[in-house]
Amino acid sequence: MTSRGRTTGKMKIKDILRDIINSALSDCVQKGALSIKVIPAIELETPKIQEHGDFSTNIAMILASEEKRSPRLIASAIAESIIDKDNVLAKVEIAGPGFMNFFINNDHWRNSLEEIEILGDSYGKSKAGEGKKVQVEFVSANPTGPLHIGHGRGAAVGDVLANILKAVGYDVVKEYYINDAGNQMETLGRSVFFRYLHLLGRDVALPSECYQGEYIVDIANDIVAKHGDRYLDEPDSKVISNFAVYAADSILEGIKEDLSDFGVKFDVWSSEKTFFESNKISEATEDLKKKGYIYQKDGAFWFRTTDFGDEKDRVVIRANGQPTYFASDIAYHKDKLERKFDMIINIWGADHHGYVPRMESVIQALGEKKEMLNILLVQLVNLMRNGQQVAMSTRSGEFDTLKEVVMEVGKDAARYFFLMRSSDSQLDFDLELAKKQNNENPVYYVQYAHARICSILRLAQEQGLNTPGFEDVGIDLLNLPEELTLIKQLLKYPEVIEGGAFALEPHRMTVYLNDLAGKLHSYYNKNRVLSNDLPLTRARLYLVKMVKIVLNNALHILGVYAPEKM
RNA sequence: GGGCGAUUAGCUCAGGGGAUAGAGCGUUGGUCUCCGGAACCAAAGGCCGUGGGUUCGAAUCCCACAUCGCCCGCCA
């Protein structure tokens, strides 16, 4: 029997290895085999090619110029000083120009599976975020129309990023900023008003700047149904502002419903209107005036954002005395800062990228470092059907709404599709592909892996075989290359989450899942889990159970259902 | 004209200083007496947009250029 080798406790293999190399380096320095004064940080990477081991380091190549010796000589000196007291190393090789390749004992990999069993739903979580307060603001669509597919991508990215940040120990607040003030509300009110007049038989032309969508007619219809023609007698301006409030509330309600159907819940809804009402907007501009960032020109007040590298200064108060959208966003971000977040993340459509420098100016003018604000720009979505782009036009009133897409392909497929690509790649979203129930559809591919395992576990149970615990499994029976590949993939999972959190790249989850599902399917097709060999069956049951846990955890982060059957 | 992003297999995209470049789709050819074929295996397919740099080493970093998308308002 091989030793269980659990002396390593909960320490991660990478950290163990780093310690080993560090000790070897200081040993070399003591013995005079190396002349460096300071031991540099050790980079450990996982080589692409299996023959290059589980981890490799370029440390010898980095030291070469300082040591004035060949990297390979340095590497062998370091290798000779290695003491592997926990017995995690199978071998160390020096290869290529001077890489040190480390091969980890298979026992170590196999024994690490127990951690997944013990942690269960918590496997993959960490405390790396140290409880720091993070605000993620996303969607924040104006309540002037239904959410479209671009908002959907922002919603998915924001929601899953928030899940990832939570998983690694950040204290996350998800927030939606409602632009329920300003010109657009007036326009909204007017749009409804004109439709209202139409419905009551008045022949007036709908101004081109008005919102043209069918949903405006619906709202006008509601008003007619409830109140008839009584608004015809009131002054237009009063009616328009009433209608604006009514429409905004109604649209916002729809937005909330669509988001909820999409699996997205916000912790805080901030309203621009309340910032106006509580004078926060004028306070914020006053504050900037006092700090000397505001000047007057052509009757308007300007924020000197060029002080912070913006290409031109920006108006905060128009010559007519009305604050701009920028002014209210200043107030909103001042409010964010006052709430003492350690990090602020804004998720915007890439068409707003020109706004980034001025927002960073705000943060700095208010005395913070611009690094605490992270603006994630999400590129646009091309809605496709069978490879053809679906026309999209708000002007014509034809919407490709999030709601329609979710109804057509389902929440799971929609969320998954939005997260398949890096945020700074444009995304082709093919509706027909998202509905397909075969291997062309990545969502099904991953969900199927989960269902497949459940099916095996179910069948095993019917045969009186419960999934055993680690102590009852001959873990070293998991000896096939595919099994070790699968195990290593499972053990990579915590790093994937952490990497995704620090890089703010939620799409790493789908990339990882696709990989894991593929390894499971491949293993399954080549080998039988349930067989006449009972000890082997138990070991393999244990393995697939661990795969199931990781699939489930990762899908949970994505907000995608992990089906037992499909 | 300026800014941001993209440019990797026929298509859609991963990979963001390391050793022999990755996946899915598509193409071609295989795998069902066997736990879910919604799956698997194999083959073909690449000057990583172009040209310069930086270094032991570049698809990756820097500078030009080209092409595509999006932005450049006292709109939001």
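In the text below, chain A, chain B and the rest are named by the order of the sequence lines, each starting its count at 1.
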Peer 1: Return the value, rounded to whole Å, for the distance between atom CG of A:N382 and atom C1' of B:A6.
Peer 2: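 So the two atoms are 13 Å apart, to the nearest Å.
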
Peer 1: Quick check for you: among B:G2, B:G5, B:A59, whose closest atom lies nearest to any side-chain atom of A:D424?
Peer 2: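 Out of B:G2, B:G5, B:A59, the nucleotide with an atom closest to A:D424's side chain is B:G5.
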
Peer 1: Can you find a side-chain donor-acceptor pair between A:E272 and A:S328 that sits under 3.5 Å?
Peer 2: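 Looking only at side-chain atoms, A:S328 and A:E272 do form a donor-acceptor pair, the distance falling under 3.5 Å.
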
Peer 1: Between atom CG in A:N514 and atom P in B:A38, what is the gap in whole Å?
Peer 2: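 About 18 Å, once rounded to whole Å.
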
Peer 1: Quick one about A:Y561 and A:Q447 (side-chain donor to acceptor, distance below 3.5 Å, no hydrogens or angles considered), yes or no?
Peer 2: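 A:Y561 and A:Q447 do not have a side-chain donor-acceptor pair below 3.5 Å.
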
Peer 1: Measure from the side-chain N and O atoms of A:N101 to the backbone N and O of A:S56, and report whether any donor-acceptor pair falls under 3.5 Å.
Peer 2: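 Here the side-chain-to-backbone pair does not exist.
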
Peer 1: Are A:H52 and the base of B:G18 stacked, counting only ring centres nearer than 5.5 Å and planes tilted under 30°?
Peer 2: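 Here the ring of A:H52 and the base of B:G18 are not stacked, as the 5.5 Å and 30° limits are not both satisfied.
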
Peer 1: Considering only the C1' atoms, how many Å lie between B:U60 and B:G18, rounded to the nearest integer?
Peer 2: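 Their C1' atoms lie roughly 10 Å apart.
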
Peer 1: Rounding to an integer number of angstrom, what distance separates B:U8 and B:C68 when you compare their P atoms?
Peer 2: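 Their P atoms lie roughly 15 Å apart.
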
Peer 1: Consider the side chain of A:N525, meaning its heavy atoms from C-beta on, and name the nucleotide among B:C35, B:G18, B:C40 that approaches it most closely.
Peer 2: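 Among B:C35, B:G18, B:C40, the one nearest the side chain of A:N525 is B:C40.
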
Peer 1: Answer yes or no: side-chain N or O of A:H353 and base N or O of B:G3 forming a donor-acceptor pair under 3.5 Å.
Peer 2: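 Looking at the base of B:G3, it does pair with a donor or acceptor on the side chain of A:H353 (distance under 3.5 Å).
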
Peer 1: Side-chain contact test, heavy atoms from C-beta onward, threshold under 4.5 Å: evaluate it for A:M359 versus A:W348 and give yes or no.
Peer 2: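 Yes. Closest side-chain heavy atoms under 4.5 Å.
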
Peer 1: Distance check needed: B:G36 C1' versus A:Q461 CD, whole Å only.
Peer 2: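 Nearest whole value for this atom pair: 17 Å.
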
Peer 1: As a test of reading the structure: which of B:A76, B:G15, B:G37 is closest to the side chain of A:Y524, going by heavy atoms?
Peer 2: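 Selected nucleotide (nearest to the side chain): B:G37.
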
Peer 1: Is the phosphate of B:G37 approached by A:Y444 (side-chain N or O, under 4.0 Å from OP1 or OP2)?
Peer 2: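 No, no such contact exists.
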
Peer 1: Take atom P in B:U55 and the same atom in B:G15, then report the distance between them in whole Å.
Peer 2: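 To the nearest whole Å, 28 Å.
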
Peer 1: Which part of the nucleic acid, if any, lies within contact of A:K526, taking any heavy atom under 4.0 Å across all strands shown: a base, the sugar-phosphate backbone alone, or nothing?
Peer 2: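 No contact.
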
Peer 1: With a 6.0 Å cut-off (strictly less than), is the heavy-atom count around NZ of A:K526, excluding the residue itself, greater than 12?
Peer 2: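 It does not: A:K526 NZ has 12 such atoms or fewer within range.
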
Peer 1: Which nucleotide in the set B:C70, B:C75, B:G5 lies at the smallest distance from any side-chain heavy atom of A:Q379?
Peer 2: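 Nucleotide nearest to A:Q379's side chain: B:G5.
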
Peer 1: Does a side-chain N or O from A:R421 land closer than 4.0 Å to OP1 or OP2 of B:A6, or not?
Peer 2: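 Checking B:A6 against A:R421, no side-chain N or O comes under 4.0 Å of OP1 or OP2.
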
Peer 1: Out of B:G2, B:C35, B:A19, which nucleotide sits closest to the side chain of A:L530?
Peer 2: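 In terms of side-chain proximity for A:L530, the closest of B:G2, B:C35, B:A19 is B:C35.
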
Peer 1: Using the P atom as the point on both nucleotides, what is the distance between B:A59 and B:G22, in whole Å?
Peer 2: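 To the nearest whole Å, 14 Å.
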
Peer 1: Between B:G18, B:C74, B:G15, which nucleotide gets closest to the side-chain atoms of A:W302?
Peer 2: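 It is B:C74.
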
Peer 1: Does a side-chain N or O of A:H521 approach OP1 or OP2 of B:C35 to a distance below 4.0 Å, or not?
Peer 2: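 So the side-chain polar atoms of A:H521 never come under 4.0 Å of the phosphate oxygens OP1 or OP2 of B:C35.
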
Peer 1: Under 4.0 Å, heavy atoms only, any strand: does A:D298 hit a base, just the sugar-phosphate, or nothing?
Peer 2: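 The answer is base, as A:D298 lies within the cut-off (heavy atoms under 4.0 Å) of a base atom.
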
Peer 1: Select base, sugar-phosphate, or nothing to describe what A:H352 touches, counting heavy atoms under 4.0 Å on all strands.
Peer 2: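 Result for A:H352 = base.
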
Peer 1: Does the ring of A:F99 lie flat against the base of B:A19, closer than 5.5 Å centre to centre with planes under 30°?
Peer 2: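 Whether judged by distance or by angle, A:F99 passes, so it stacks on the base of B:A19.
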
Peer 1: Calculate, to the nearest 0.5 Å, the distance between atoms OG1 and CD belonging to A:T46 and A:Q50 respectively.
Peer 2: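 With rounding to 0.5 Å, OG1 (A:T46) is 12.0 Å from CD (A:Q50).
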
Peer 1: Could you write out RNA chain B as a dot-bracket string, with dots for unpaired bases, | for bases paired across to another strand, and Watson-Crick or G-U pairs counted at under 3.5 Å?
Peer 2: (((((((..((((....[...)))).(((((.......))))).....(((((..]....))))))))))))....

Peer 1: Donor-acceptor pair under 3.5 Å: do we get one between A:S56's side chain and the base of B:A19?
Peer 2: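 In this structure, the two groups form a donor-acceptor pair.
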
Peer 1: Ignoring hydrogens and geometry beyond distance, is a side-chain donor-acceptor pair present between A:Q379 and A:S425 at under 3.5 Å?
Peer 2: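 There is no such pair between these side chains.
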
Peer 1: Angle class for the A:F266/A:Y176 ring planes (parallel below 30°, perpendicular above 60°, tilted otherwise)?
Peer 2: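 Aromatic pair A:F266/A:Y176 classed perpendicular.
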
Peer 1: Please answer whether the main-chain N or O of A:T305 pairs with a side-chain N or O of A:D313 as donor and acceptor at a distance below 3.5 Å.
Peer 2: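 Checked: pair present.
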
Peer 1: Tell me whether the count of non-hydrogen atoms from other residues, nucleotides or ligands lying under 6.0 Å of CG in A:N532 goes above 12.
Peer 2: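 No, the 6.0 Å shell around CG holds no more than 12 heavy atoms from other groups.
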
Peer 1: Looking only at side-chain atoms of A:A95, point me to the closest of B:A19, B:C74, B:A14.
Peer 2: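 The nucleotide sitting nearest to the side chain is B:A19.
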
Peer 1: Which nucleotide in the list B:G18, B:A39, B:A76 gets nearest to the side chain of A:T324?
Peer 2: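 When the side chain of A:T324 is considered, B:A76 is the closest of B:G18, B:A39, B:A76.
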
Peer 1: Measuring to OP1 and OP2 of B:C56, would you say a side-chain N or O of A:K68 lies under 4.0 angstrom away?
Peer 2: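 No, outside the criterion.
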
Peer 1: For atom P, what is the distance between B:G24 and B:A9, given to the nearest Å?
Peer 2: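 Per the computed distance, 16 Å lies between those P atoms.
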
Peer 1: Just N and O in the side chain of A:S65: are any of them under 4.0 Å from OP1 or OP2 of B:U55?
Peer 2: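 Looking at the OP1 and OP2 atoms of B:U55, neither is under 4.0 Å from any side-chain N or O of A:S65.
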
Peer 1: Write down the distance separating the C1' atoms in B:G29 and B:G69, rounded off to the nearest Å.
Peer 2: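 Here B:G29 and B:G69 have their C1' atoms 40 Å from each other.
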
Peer 1: Determine the Euclidean distance between corresponding C1' atoms of B:G73 and B:C62; express it in Å to zero decimal places.
Peer 2: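 Per the computed distance, 35 Å lies between those C1' atoms.
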
Peer 1: Quick check on RNA chain B: between A:R458 and A:P47, whose nearest nucleotide comes earlier from the 5' end?
Peer 2: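 That would be A:P47.
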
Peer 1: Once you apply a heavy-atom cut-off of 4.0 Å, does A:A64 come out as touching a base, just sugar-phosphate, or nothing?
Peer 2: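 Here A:A64 touches no strand at all.
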
Peer 1: Provide, to the nearest angstrom, the distance between the CZ atom belonging to A:R72 and the P atom belonging to B:C56.
Peer 2: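 Rounding to the nearest Å, CZ of A:R72 and P of B:C56 are 19 Å apart.
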
Peer 1: Between A:R314 and B:C72, is there a contact of a side-chain N or O with OP1 or OP2 at under 4.0 Å?
Peer 2: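 False: A:R314 side-chain N/O out of range (4.0 Å or more) of B:C72 OP1/OP2.
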
Peer 1: Over all strands shown, is A:V529 touching base, sugar-phosphate only, or nothing at heavy-atom distances under 4.0 angstrom?
Peer 2: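 The residue A:V529 makes base contact.
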
Peer 1: Are any of A:R452's side-chain N or O atoms less than 4.0 Å away from OP1 or OP2 of B:G37?
Peer 2: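 Answer yes for this pair, as a side-chain N or O of A:R452 is under 4.0 Å from OP1 or OP2.
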
Peer 1: In whole angstrom, what separates A:E209's CD from B:A76's C1'?
Peer 2: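 Result: 15 Å.
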
Peer 1: The side chain of A:A451 is closest to which nucleotide in this list: B:G36, B:A19, B:A14?
Peer 2: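 Of B:G36, B:A19, B:A14, B:G36 is nearest to the side chain of A:A451.
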
Peer 1: Return the nearest nucleotide to the side chain of A:K48; candidates are B:C35, B:C40, B:A19.
Peer 2: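 My answer, after comparing the listed nucleotides, is B:A19.
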
Peer 1: By the 4.0 Å heavy-atom rule, please label A:M420 as base, sugar-phosphate, or nothing.
Peer 2: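 Contact class for A:M420: none.
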
Peer 1: Ring centres of A:Y293 and A:F308 under 6.0 Å apart?
Peer 2: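 They qualify: ring centres under 6.0 Å apart.
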
Peer 1: For A:L520 and B:A23, what is the distance between atoms CG and C1' respectively, to the nearest whole Å?
Peer 2: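 In whole Å, B:A23 C1' lies 17 Å from A:L520 CG.
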
Peer 1: Can you say whether a donor on the side chain of A:N101 sits under 3.5 Å from an acceptor on the base of B:A19, or the other way round?
Peer 2: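 Pair found.
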
Peer 1: In whole Å, I'd like the distance from the CG atom of A:N527 to the P atom of B:C41.
Peer 2: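 For the pair A:N527 CG and B:C41 P, the rounded distance is 12 Å.
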
Peer 1: Just to be sure I understand the rule, does A:L380 reach a base, reach only the sugar-phosphate, or reach nothing, if contact means heavy atoms closer than 4.0 Å?
Peer 2: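 Answer is sugar-phosphate: A:L380 comes under 4.0 Å of backbone atoms only.
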
Peer 1: In whole Å, what is the span from the CZ atom of A:R508 to the P atom of B:G16?
Peer 2: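 These atoms are roughly 7 Å apart.
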
Peer 1: Of A:G354 and A:S455, whose closest RNA chain B nucleotide lies nearer the 5' terminus?
Peer 2: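 With A:S455 and A:G354 compared, the 5'-side residue is A:S455.
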
Peer 1: Can you tell me how far P in B:A19 sits from the matching atom in B:C48, rounded to whole Å?
Peer 2: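 The same atom, P, in both gives a distance of 14 Å.
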
Peer 1: Without hydrogens or angle criteria, can the side chains of A:R540 and A:Y523 be said to hold a donor-acceptor pair below 3.5 Å?
Peer 2: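 Yes, a side-chain donor-acceptor pair sits under 3.5 Å.
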
